[in-house]
Colleague: 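Let me give you the structure first, and then I'll get to my questions.
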Amino acid sequence: MRPGLLLTISATVLVFAGMTATADSPIAIAIHGGAGTISRSTVTAEQEQAIREKLLQAVTTAYEVLQNDGDSMDAVISAVKILEDSPHFNAGKGSVFTWDGKNEMDAALMDGASLDAGAISGVTNVANPIALARLVMLNSRHVFLSGDGAVEFAIEQGMEKVPDEYFFTERRWKQLQDLKDSPELAAAEPQFQIGTVGAVALDRKGNLVAGTSTGGTTGKRYGRIGDSPIIGSGTYANNRSVAVSATGTGEFFIRGTVAHDISALVEYKGMTVDDAAREVIFEKLAALKGDGGVIALDRHGNISMPFNTEGMYRASIDSSGKVTISLYDEKAEAE
Ligand code: ASP
């Protein structure tokens, strides 16, 4: 942490002190750690503190990249990697289990300046799927690699294969057993998948980037692909409009092409990022009976983080340096 940053972990809203803008574009970052049924009754005080600390670490690390004139791609990757390395989130290390007891991960990254993108799905034994998505974008002539082909590419690119045990967490294993004991919970209890992670960033050059990484949904069928790695559904960035990363039940986000829909409303209809994101989450996604939320950021640094679930783990540092960390909805947060 750089000196001069005012940080109090127990507070929800903090302010970065001593900031000086040195270039044309404002800088901003928003991250999420998943949406779902999160109420104070389902998260212990210790878990809540650990989640807040990780969100703060991820958002401040990414913001420092931007402050040091780094690009939004590096900022997004740095935030997502921190969340992937934590057992508290459903991505990387803390990924949920498939019905067969495996960890199959999806991730995507998109650059709003060039519209370049990289995505991977159904990947095993890769600690940081977001880093693999970047390698697909930079070092292959493809956008999207899946399964064994993606893992082989990771090894070719020098990424280390980690053992299955790396991804074992007692909590996620128990969730799978609970689900097997009572499969109807899968539809009724979205907390079985909570924890997908994502980030959107705006750098001093005015470039937007979005990235998302997930273990998917607990008990998912072998080979199931969610919205997170699908460009335009769970992840999208375009300098002409917005950067978006989504979280929620992927099947609905795929059918609603949620991330691109928000971008289209901003680009073609001239809506603000907040109006566009709210319309898609509260009107269009709700009409499909889909649950979840998004983080969205425009090229002026405006941030919107709507969700239609009980909570969404989220954090941001806006263009004025204001830091926000929230887990529940605004009303529950204020209590
Ligand atoms: N959207 C993710 C998926 O369906 C899960 C989540 O965001 O919780 O794979």
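Both ligands and their constituent atoms are indexed starting at 1 by order of listing.
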Colleague: Check for me whether Gly34 has a heavy atom closer than 4.0 Å to any atom of ligand 1.
Modeller: no
Colleague: Does Gly234 have a heavy atom less than 4.0 Å from any atom of ligand 1?
Modeller: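 Contact absent.
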Colleague: Is there any N or O on Ala246 that sits under 3.5 Å from an N or O of ligand 1?
Modeller: no
Colleague: Should the pair Asp178-Lys174 be classified as a salt bridge under the 4.0 Å nitrogen-to-oxygen rule?
Modeller: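 Counted as a salt bridge, because a side-chain N and a carboxylate O are separated by less than 4.0 Å.
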Colleague: Report the residues that fulfil side chain to side chain contact (heavy atoms under 4.5 Å, CB included) with Ala91, sequence neighbours left out, ordered by chain and then residue number.
Modeller: Glu84, Val197, Ser213
Colleague: With a cutoff of 4.0 Å, is Lys220 in contact with ligand 1, counting heavy atoms of the residue only?
Modeller: no
Colleague: Short question: side chain of Lys220, backbone of Gly226 - any donor-acceptor pair under 3.5 Å?
Modeller: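 Judged by distance alone, no pair lies under 3.5 Å.
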Colleague: Sequence neighbours left out, what passes ring-ring contact (aromatic ring centres under 6.0 Å, His included) with His260? Give chain and number order.
Modeller: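 His260: ring-ring contact (aromatic ring centres under 6.0 Å, His included) contacts with Tyr236.
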Colleague: For ligand 1, find out whether one of its N or O atoms is nearer than 3.5 Å to an N or O atom of Gly248.
Modeller: yes
Colleague: Return yes if some donor-acceptor pair links the side-chain N/O of Asn90 with the main-chain N/O of Gly216 below 3.5 Å, else return no.
Modeller: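 Checking the backbone N and O of Gly216 against the side chain of Asn90, a donor-acceptor pair under 3.5 Å is found.
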Colleague: Below 4.0 Å, non-hydrogen atoms only: which portion of Arg224 touches ligand 1? Side chain, backbone, both or neither.
Modeller: side chain
Colleague: Report, in ascending order of atom number, the atoms of ligand 1 lying under 4.0 Å from any heavy atom of Thr196.
Modeller: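 Close to Thr196: 2 (C), 5 (C), 6 (C), 7 (O), 8 (O).
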Colleague: Under a 4.0 angstrom heavy-atom cut-off, which atoms of ligand 1 come close to Thr247?
Modeller: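 Near Thr247, the atoms of ligand 1 are 6 (C), 7 (O), 8 (O).
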Colleague: Take the angle between the ring planes of Phe89 and Tyr313 and call it parallel below 30°, perpendicular above 60°, tilted in between.
Modeller: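 Perpendicular, since the angle between the ring planes exceeds 60°.
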Colleague: Hey, which atoms in ligand 1 end up nearer than 4.0 Å to a heavy atom of Ser228?
Modeller: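 Heavy-atom distances to Ser228 below 4.0 Å select 1 (N), 2 (C).
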Colleague: Going by the order shown, which atoms of ligand 1 are within less than 4.0 Å of some heavy atom of Asp227?
Modeller: 1 (N), 2 (C), 3 (C), 4 (O)
Colleague: Knowing that exactly one of Val200, Ile262, Leu285 qualifies, which makes a side chain to side chain contact (heavy atoms under 4.5 Å, CB included) with Val294?
Modeller: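 It is Ile262, the one option of Val200, Ile262, Leu285 that forms the side chain to side chain contact (heavy atoms under 4.5 Å, CB included) with Val294.
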